[in-house]
Structures are given as C-alpha cells and as structure tokens.
2 protein chains.
Amino acid sequence: MEPKRTTVRDLRRHNRSTLLSKLFFDGPLSRHELSQLTGLSAATVSNVTAELVEDRLIVEAGLVESDGGRPRVLLRVDPKYAHVVGIDVGETGVKVELFDLSMTRLAAADLQLNSIEPDPAEVVARTAEGLRQVIETADVTESSVLGVGIGVPGTVEKGTRTLVHAQTIGWDAVPLPSMLRDQGIRLPLFLDNGAKTQGQAEMWFGAGRGARHAVIVLVGSGVGAAVITDGQTYAGYSSSAGEWGHTTIVYGGRQCRCGARGCLEAYVGAEGILDRYRKARGGRGAVDTDEQAALAALVAAADSSKIAAKVLDDTAGYVGAGIANLVNLFNPERIVIGGWAALAMGGQWLDVVKKSTAEHALRHAYEQTSIELCQLGPDAVAVGAATLPVAALLEAGGDPRESSRSVA
Amino acid sequence: MEPKRTTVRDLRRHNRSTLLSKLFFDGPLSRHELSQLTGLSAATVSNVTAELVEDRLIVEAGLVESDGGRPRVLLRVDPKYAHVVGIDVGETGVKVELFDLSMTRLAAADLQLNSIEPDPAEVVARTAEGLRQVIETADVTESSVLGVGIGVPGTVEKGTRTLVHAQTIGWDAVPLPSMLRDQGIRLPLFLDNGAKTQGQAEMWFGAGRGARHAVIVLVGSGVGAAVITDGQTYAGYSSSAGEWGHTTIVYGGRQCRCGARGCLEAYVGAEGILDRYRKARGGRGAVDTDEQAALAALVAAADSSKIAAKVLDDTAGYVGAGIANLVNLFNPERIVIGGWAALAMGGQWLDVVKKSTAEHALRHAYEQTSIELCQLGPDAVAVGAATLPVAALLEAGGDPRESSRSVA
DNA sequence: CGACTAAGTTAGCGCCATAATTTAACACCG
DNA sequence: CGGTGTTAAATTATGGCGCTAACTTAGTCG
C-alpha cells in the first residue's frame, strides 16, 4: 500500500530518463528540439545533457545548417556505449544475438536442441555456450555488456528467485537465472515470456510504433499475445497475463493440450489447423512431423481444394472472433498479427480475419482499432529480449550499475 | 509522445496527494504513522499536513495515549470539508445520492423514467431534478459540492465534448454533460460507465479492497466488467475497455442483441438465461416482462425441476469459462462477482462457477486468483460514481478549484 | 562587414525534501 | 514527588533541482 517512492532527486533521474528515451527512439535531436519535445526548459536540457555526455551515454552527431542563426548540434545515444544480448529460447533451439545500443546486430549464434521436449539443463548449457560465442565473435569485453535479455516459452514468475513455468512443455518452476549463474554467467539477466519480448520488439521497431494501447497476437505452433497498456507490457499480478491462446472460444469444443476444452489454440494453433484439415478430409493420414511444411501445403492446396479453403476460412473466423474479444476487453488502438502460421496464411487471409473481427466486436471499439501484420522477421523474439536491458537503462536514465554520479 | 509533465513543484502536490489518500482510506492516523506508511520524512509530513489543516481538508481527531511519550495526535479527512453527489443512470430510473467526504449518505432521490428506451432528454431532466432535490434535502450549499459523478449505461468518450455511446439502448453520441449544463447545472461533472463506477465502489469499500489487479464482473440484465490494473480502472484507448459481455464464448452460437453471435451475454444475461429456460421447457410461454421475478422463480424451481437446475448449471459453466478468459488475459489477484442476477443465483451456484473457471483457466494463473461475491448493495453504482470527484480531489492533493495556495 | 536570428549557456531565485535539533507530553522509578 | 527515559511533533539548517531571464556563441543575409 505504499505505491509511490519518496521522490527526492529521483526527479533528476526522471528527467535523465525522459531525455535519454527521447534520444534513443527519435534519433538525433538538438537540445532545442529536446526542450520543445519534452517540455523541459532549455537550461535543464543543457544541464542534463552535459551530464549525459560526461557519462559517455550520448555523443554529438554533427551539425544542421540553419537559415540564419546558430546551427543546432545534434545529440544521439552513443551506440558504442554498451552492448546488449538478446536470447530466444525456443522449443527447438536457442538463438543468441549481440547488439550495440543502436540495436545493430554485431553477432549471432544459433544452437539446436536435441531433445524434443527441451530439457532445462540442456537449454542452460546451450545458452551459456551461445553467450560466450557471440561475445567472442563480436570481440567485445564482457564488462561492456549491459545485460542479457532472455525470451522463454511459458510464464516468468519474478520473486526472490525468478522461476519459469511452461505447462505445455513440462517446465514447472525452473530457476533458469540461478542455473545460468551456476554456469558462470555473471551478467545481469532479464527474463520474460517470448511472446512478450516479441511484442516489445514490434512496439519499439515494428508495426506497433507510436501506439500506447496495442495487442500483438502470435499465431504459430502455440498461440499467445502481448498486451501493451499505456505503453507498458501488461504483466498482471503474477506476470502471466496475455494468455490469449487458452481463452475459451467454443464452449465445450475441441480438446486442447492444456487440458481444457474449446481453447482458441485448439482451433488456430498450427496443430489445431492441421488436425481440423485432416478430419475434414476423412481423418486419414498420420500426424505431421513438420508443421511448417504441412501448413504451407495446406495454404497451397487452398487454391484448388474447397476443403482446404474452408479450413483456412474457418481459421480466420476463429482468429477474428478471438481478436474481437481482445478488442472488446482491451480497447486497443492497434492489433498486430504475427507468428509464423499467420504469416504463412498470408494477406488475403488477413482480410477474412478482419471481417470476422468486425462481426464479433462492438462497433465503437472496433472502429478505434487498426489491424496490421507484424513487420519484424523471425529474429523478433531475440531483438525484443535485447530491449529488456535497454529499457532498464532508459528507465534509470543511465547505467544502473554505477551509482556514483559526478556533476558537470 | 510527451508522456511526462515538467515536474517541478508538482512534487509537492504529489506528496499532498499521497498523504491525503492515505488518510482517506486508512482512517485516522498520526503524523508519525503517516511518515512510516508513506516513506516521507517526519518533517515533510508535518509541513504538508500543516498546509492541509490550514486548507481545512483535514482536522485533528483526538489523541491516543501512549505507553510513555507524547501522545499522538490523530488526523483525518474532514468529512464536512465538502460534499459529493453520485448518480446512477439506469435503464429504468435515475438514482441520485449525496454524500459527505466520509462517504456517509446524507440524502437520496429516486426518479423513475417513463419510457422503456430511456430518452436522453428525459434522463437529463430527471438528473437535474434529483440533483436539486438532494441538495435541498441535505440542506447544503451548492458551492460545498465538490463535483457530481454520473454512472451511465454504455461507454463514455472523453474528448472536447464528452459523449455517451450505448449501442443496446440506442444512444449514439449523446452529449450528456453539455445537456446538463443547458439545464443550469454548473457543478463539475464526472462521467463514467456504470459498470466501472460500481467496480470502483467495490475496490474502495467492498470486496476489492487491497487488491491492485482485479476484475469486477457484473451479471444482470446486461453483462459487463470493470478491470482494475495496478490500482487503476483500465479504460483503454477510447474508454470502452472491459466489454466482457460481448466477448465470444460459443463461436457461431446464440444471437446476441448486439448483433453478433455467441456473446457471453446471450447466454448468461438475464434475458439469455430465461430464454434458454423457456426453450428447454419446449419453447412455450411469452417473454417475461419482469426479469427479476422470472429469474427468482427459476432459481426457486431448481430445487425440484431438473430442467431448471440444468439451466442454472449451464449458466455457471458459461460464466466460469468467461471468468477463466479474464483470468488468462488479465491475470488478476481477485475476481469479484456482482450484478443482481449473480446474487439471485446465490452462493452454491458460485461454487459451480468456480469449478468451471478452474477447468477453463490455466493452472498457474487460476491459483493466483481468488473469486468472491461482491459486498455492496444496489447503491454501488451511485456510490462508485460519487467516488469520481473524490478521486479527483485525492489525486490533485486538494481542491482542484482553488489554485492559490498559502503556505503555513 | 555588421545586423539579424537562432542555439546554447550562465546567473539568480524559489521551492522542496532531508537530517539534525529542539520542544512537548507522559510513565516509570527511586 | 521530582528526575530520567521514551516517544512524538515541530523547527531549523542545508543542499539539490529546475525555472526564468539575461547573456554568449555562431552562423547567414543584405
């Protein structure tokens, strides 16, 4: 019940954070522009930017000529100030990428997992291995790495020990961070759900830019969503909000792998789509081993096969109804659709989804919402994970590691 | 894109707000307790409270003897500092209530609406009438009324003109506040959706106390919800978030009055329940005119009639699945169930709802959530509406009307 | 080459929170 | 019955921060 801090010179930190964030997102800016954009006085901007320059967080980036008057000096975040690592822990492999502060990728490593149901110990070993690889490849010192963001399948519970729960792959309370510590990793770690990191990436660099209320939905093998409320990824009470895939869309309907009936994922997850296709063709044939190839075949067949076309149309109908639920509950200004299955089904499929959404959502809320495809590729989870330490930097208005501050 | 203010001496206001809120919610407190609870220094507490006392917002409320030491002086918000009015605009009538700052009801007025589909002009006339009545009955001056909160059916769009949209009763962009101004009402007006004001009331004084992430669901003639995220009622991009009643629960299912198919409301709204009961009995009988009486009869029949019992059980199943969707998406720490229909179906019906929720929600999120019945009666909408001006007072740390401040 | 214009910096001021100190009230103990 | 210890409130001293306003710098145009 003590919601707010004691607010003393945290005010200064807040202003540092505001300016730093503005520079990070809106490219090089002059002090004058910063003053106008943030509402801070010119004096304060000068004062704070001087401090940021001294801390090497930002650097001057050239002049802009003016039509009379002193030319403005542009400032920007120094890409070389630090590096960040983003890791995508998937069900089949671990992807590790290293970026500078302008989010330019300097190195990447892709490590396969042997087991089908990923074993935590194996994941940890591969992660540590990949981490060492990218640091070596990019030839950076470990101390220059601000932090390591990790997107994991399942929900992340933050407490005294950070635990990962992933009901569908059999992870129950896996203490991933402390396991990585045991492997000799000393860098600051930032964990979050993979769908949420991907959503974060779309919000910062993709189709979500500029929106304050958005939902990024992901349709792939699993079905999930990242909800952004007021510019922040919404986590809920125990960080497991946004489990869109397991909301009930057909009461009493198909059995889902989570144990319930009628979940959205049971209909529009890749497995659900393929299974409905199989049943529509009379139930012959084995379960597909390569979902992506099988779905591509289904999409290709839709041109000639009425059955395949109907399966895709039904899928769009379900997805649209599911999105309508999000529209009614969250009233976002934007919905971004991602995930490999959604991308595979393509643009005109999206039109059917939109139509179904319009039919199922309340008119007022629907009219406020735009529905778009995601803009980022398969690296989005890793990129989004890498934004986690950057977000911490921006929020603190400087490197959280150093607390001693020298004033200009 | 300029999210934060210029933050100068707004810091002072913030501290005033913190202290005032603490005193409002947690009863009489000594300065020392305030210091501990808020984290502010004793000096600051003394300083700020002196100001608040001078502004007549708070008063001393007796001493508490101590076991050695100076006795602590208790402070509390002065209930007589100002009054607030809460208005519940329903589909059948307008309820107006006047409170002091301790939320003690001083006067109430209940005005019926003649038309079935409430005409905005009639609503405005009755509202103005009721407002004058309660001010006269309670014998308070108009200038002592801090503001008037109004809970309306439908969504409230805040812009240059505040507009009310209520698709189900045919209101489209009704400018209720300016219509009230035309009736000579000069008091500050605060509009919000009735479900949200009721939710606010439960959060402040009912089953939601202490929770930061909660959903208050309402099952009555209509079905709605108020979502509280991080202590704040979540509004979304255009204030129409939380439309739980029109989320799809049975894809392709029953026709709903909103035009879509398979909405939750079509199954568990009073009309939906009664219609399912009618169909289960063979479709005989006319549509009920008094829903509340008809539902009471259905509940009474459930003891002897298997058909009636099944209708109630099915209802609990649908509601449970709907709540599970909320649990999966919002991950709240508490769900509060209200609305006259839910109350009519009673406590053991709630157990069936919980069972269904457990079956449909993900285990981790479900375990973090408690499900409870609401604690407030039929006045909750009006009480919640009255909290709106109070919330404005608390947030501003003082009367927003007076800006000139004198320091002690 | 000097006046004009715009960007950025320096100086002065007020405000606010913290920490240390003082004042106040009461209980216990000898 | 007065001294001493304890606890709480009030007061004073100190330092930080951001705003306003004046000033300096650096170009361009006539």
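Protein chains get the first letters and strands the later ones, always in sequence-line order, with residue 1 at the start of each.
- The phosphate of C/dA7 (OP1 or OP2) has no side-chain N or O of A/Ser30 nearer than 4.0 angstrom.
- Per the geometry, CG belonging to B/Asn47 stands 20 Å off P belonging to D/dA8, to the nearest Å.
- Salt bridge annotation for A/Glu202-A/Arg334: absent, with no cationic side-chain nitrogen under 4.0 angstrom from a carboxylate oxygen.
- With respect to A/Arg16 and A/Asp55, a salt bridge is recorded, a charged nitrogen being found less than 4.0 Å from a carboxylate O.
- A perpendicular orientation is assigned to the rings of A/Phe25 and A/Trp204, their planes being inclined by more than 60° (bins at 30° and 60°).
- Picking from C/dT18, D/dT20, C/dA7 the nucleotide with the shortest atom distance to the side chain of B/Ser41 gives C/dT18.
- Nucleic acid contact for A/Val73: sugar-phosphate only, since backbone atoms but no base atoms lie under 4.0 Å from a heavy atom of the residue.
- Along DNA chain C, the nucleotide nearest to B/Val48 and the one nearest to B/Ala42 differ in position, and the one closer to the 5' end is contacted by B/Val48.
- To the nearest angstrom, C1' of D/dT6 lies 12 Å from NE2 of B/His32.
- Regarding contacts with the backbone of C/dA17, a side-chain N or O of B/Arg12 is found under 4.0 angstrom from either OP1 or OP2.
- Between B/Arg12 and B/Glu51, at least one side-chain nitrogen of the basic residue sits less than 4.0 Å from a carboxylate oxygen of the acidic one, meeting the salt-bridge criterion.
- Spacing between atom CZ of B/Arg31 and atom C1' of C/dA25 amounts to 14 Å, rounded to whole angstrom units.
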